[in-house]
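Worksheet: the structure to be examined is printed underneath.
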Amino acid sequence: MSDSYSLLILPGDGIGPEVMAEVVKVIDWFQANHGLKFDLSHDLVGGSAYDAHGVPLTDETMARAQSVDAVLLGAVGGPRYDALDFSVKPERGLLRLRKEMDLFANLRPAQCFDALADFSSLKREVVAGLDIVIVRELTSGVYFGQPRGIHADDNNPENEGGRVGINTQRYTSGEIRRVARSAFEMAQRRRGKVCSMEKANVMESGILWREEVQWVHDNEYPDVELSHMYADNGLMQLVRQPGQFDVILTDNLFGDLLSDAAAMLTGSLGMLPSASLGAPMENGRPKALYEPVHGSAPDIAGQGKANPIACILSFAMALRYSFDQGEAASQLERAVERVLAEGVRTADLMGPEGGRPVSTSEMGDRIIAALSA
Ligand SMILES: NC(=O)C1=CN([C@@H]2O[C@H](COP(=O)(O)OP(=O)(O)OC[C@H]3O[C@@H](n4cnc5c(N)ncnc54)[C@H](O)[C@@H]3O)[C@@H](O)[C@H]2O)C=CC1
Ligand SMILES: CC(C)CC(=O)C(=O)O
Ligand SMILES: [Mg+2]
């Protein structure tokens, strides 16, 4: 194992740089107090890369991302870039990173800290103690399938407006099997249950998904309890009785929707971290990108209101999955838990009784203080 880990920091747009600044403080703390050494480099992605270079991700940044131990990303996008050509929209930069690094397994844990059980929009008894992981396929499906585009619908005089928009849901059996293995392995380390979600009742890709997940289960992980659910029912069940789930395995689009909904079980979208992992490299560790589940939150950007916890907990996932520093990861998670238990809240976590919310940087400082305590 190398004694210094290389980490590429891509803050991105909107609240991305604000929450990332707090993560950098946390990284500095671990360097100063934990004997860990990080070789940090910073670069642009999304709208900020477009502003500087005319593209949302340069080839140079892509090459750097391929060469480091891990990438940490804030968020991309914003209304300033809405009118750009689709090919250079900020989100294309992030999708290129995911695709070219082949980060097929997106782990999105949703944990309800006890101190926040009253801040979810659901009742305390529904969310208290919640601890689930969504394993979302990240490099295929309808976000990447061909054909795609917006075309003239020339031979269809009955189409008022005359255009057609196309996206294609496409999955190969190999793509399904490899992400299924990630979910089963995650379940083996947890409570041993996987629920796979698709729409096999109306989509052929859903039928293939169900069959291949079942195949991987029966042939390789028969010890894990596997169930299948249609994704629409799955989302309903997630808000009805989330505690019935351990690991949820699903495709790219459904995973995107399910994980934003799962965020509200934890109190705020500002709480949910994620790890996007590829196959193991020669050193045995996976290619990896860590990022909060949330976006660039243009409605609060630049105001010091963003909750940095999702991004900080994403770094905890990096400590665990890329740097083999499970104890340091747990220490950081406990520091977050302690700060929340002390009643420290950013604005997104304020209950109806109000109180004074802390700023993004105050929250970062409190977490550092808890690490030091
Ligand atoms: N991974 C990424 O970089 C993602 C980027 N986006 C992009 O972000 C932009 C905004 O998208 P939205 O749909 O508004 O989603 P969003 O996740 O940026 O915001 C949704 C709501 O949650 C709040 N929120 C999000 N993160 C928060 C945090 N850390 N602390 C406090 N409140 C927070 C926002 O203020 C907003 O009210 C779009 O351009 C979208 O494409 C969206 C999702 C993921
Ligand atoms: C590329 C992102 C904007 C898509 C998304 O919302 C996500 O991955 O959570
Ligand atoms: Mg999303």
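Indexing begins at 1, ligand by ligand and atom by atom, following the structure's order. Values below: every heavy atom of this structure, side chains too, minus hydrogens, waters and symmetry copies. Keep in mind that what you see is a predicted model, and the values were worked out from it rather than measured.
Between the NZ atom of Lys25 and the CD1 atom of Ile368 there is a distance of 7.0 Å, given to the nearest 0.5 Å.
Less than 2.8 Å away from the Mg ion (ligand 3), the protein contributes these N/O/S atoms: Asp256 OD1.
Side chain of Asp365 to backbone of Ala369: no donor-acceptor contact under 3.5 angstrom is found.
Between atom 32 (N) of ligand 1 and the options Ile300, Asp299, Asn307, Leu95, the minimum heavy-atom separation is to Ile300. Of the options Leu95, Leu272, Val293, Asp256, the smallest heavy-atom separation from atom 5 (C) of ligand 2 is shown by Asp256. Atom 3 (C) of ligand 2 has its nearest heavy-atom neighbour, among Glu91, Arg136, Lys89, in Glu91. Relative to atom 26 (N) of ligand 1, the option among Glu291, Arg98, Glu91, His294 with the closest non-hydrogen atom is His294. The closest non-hydrogen atom to atom 27 (C) of ligand 1, taken over Asp348, Leu349, Leu10, Ile15, comes from Ile15. The heavy atom nearest to atom 42 (C) of ligand 1, out of those in Gly295, Pro308, Ser276, is found in Gly295.
A salt bridge does not link Lys287 with Asp69: none of the charged nitrogens is closer than 4.0 Å to a carboxylate oxygen. Between Asp246 and Arg190 there is a salt bridge, since a side-chain N of the basic residue sits under 4.0 Å from a carboxylate O of the acidic one. A salt bridge does not link Asp13 to Arg80: none of the charged nitrogens lies less than 4.0 Å from a carboxylate oxygen. Salt bridge Asp251/Lys199: absent, no basic N to carboxylate O contact under 4.0 Å. Salt bridge annotation for Lys123-Asp118: absent, with no cationic side-chain nitrogen under 4.0 angstrom from a carboxylate oxygen. The pair Arg178-Glu212 does not meet the salt-bridge criterion, since no charged nitrogen lies less than 4.0 angstrom from a carboxylate oxygen. Between Glu327 and Arg320 there is no salt bridge, since no side-chain N of the basic residue sits under 4.0 Å from a carboxylate O of the acidic one. Glu342 and Arg366 are joined by a salt bridge, as a carboxylate oxygen and a charged side-chain nitrogen come within less than 4.0 angstrom of each other.
No option in Asn252, Leu249, Ile248 other than Asn252 meets the side chain to side chain contact (heavy atoms under 4.5 Å, CB included) test with Arg136.
Below 4.0 Å from some heavy atom of Leu94 lie the following atoms of ligand 1, by number and element: 1 (N), 2 (C), 3 (O). Near Ala306, the atoms of ligand 1 lying under 4.0 angstrom from a non-hydrogen atom of the residue are 30 (N). Shown in contact with Leu269 at under 4.0 Å from a heavy atom are these atoms of ligand 1, numbered in order with element: 17 (O), 20 (C), 22 (O). Each of the following atoms of ligand 1 lies closer than 4.0 Å to a heavy atom of Gly77: 39 (O). Residue Ala75 approaches ligand 1 through these ligand atoms, each under 4.0 Å from one of its heavy atoms: 3 (O). For ligand 2, the atoms closer than 4.0 angstrom to any heavy atom of Arg108 are 7 (C), 8 (O), 9 (O). The Arg98 neighbourhood of ligand 2 comprises atoms 1 (C), 7 (C), 8 (O), with distances under 4.0 Å to a heavy atom of that residue.
In this pair, Tyr221 and Phe184 present their aromatic rings parallel. The plane angle is below 30°, not in the 30 to 60° band.
Using a 4.0 Å cut-off between heavy atoms, Val76 contacts ligand 1 through both its backbone and its side chain. Contacts with ligand 1 closer than 4.0 Å are made by no heavy atom of Val19, backbone or side chain.
Looking at ligand 1, you won't find any N or O of Pro298 less than 3.5 Å from one of its N or O atoms. Considering both main-chain and side-chain atoms, Ser296 comes within under 3.5 Å of ligand 1 through a nitrogen or oxygen pair. Checking only distances, Gly270 never comes within under 3.5 Å of ligand 1, N or O to N or O.
The two residues Glu291 and Ser276 make their nearest non-hydrogen contact at OE2-OG, 4.4 Å.
By the definition of a contact as any protein heavy atom under 4.0 Å away, atom 13 (O) of ligand 1 is not in contact.
Within the structure, ring-ring contact (aromatic ring centres under 6.0 Å, His included) contacts touching residues 275-322 (residues at least two apart or in different chains) are Phe38-Phe315.
Surrounding CZ of Arg177 are more than 12 heavy atoms belonging to other residues, nucleotides or ligands, all under 6.0 Å away.
The shortest contact between atom 24 (N) of ligand 1 and any protein heavy atom is with Ala297 CB, 4.0 Å.
For the pair Lys99 and Phe144, the cation-pi criterion (under 6.0 Å, within 45° of the ring axis) is fulfilled.
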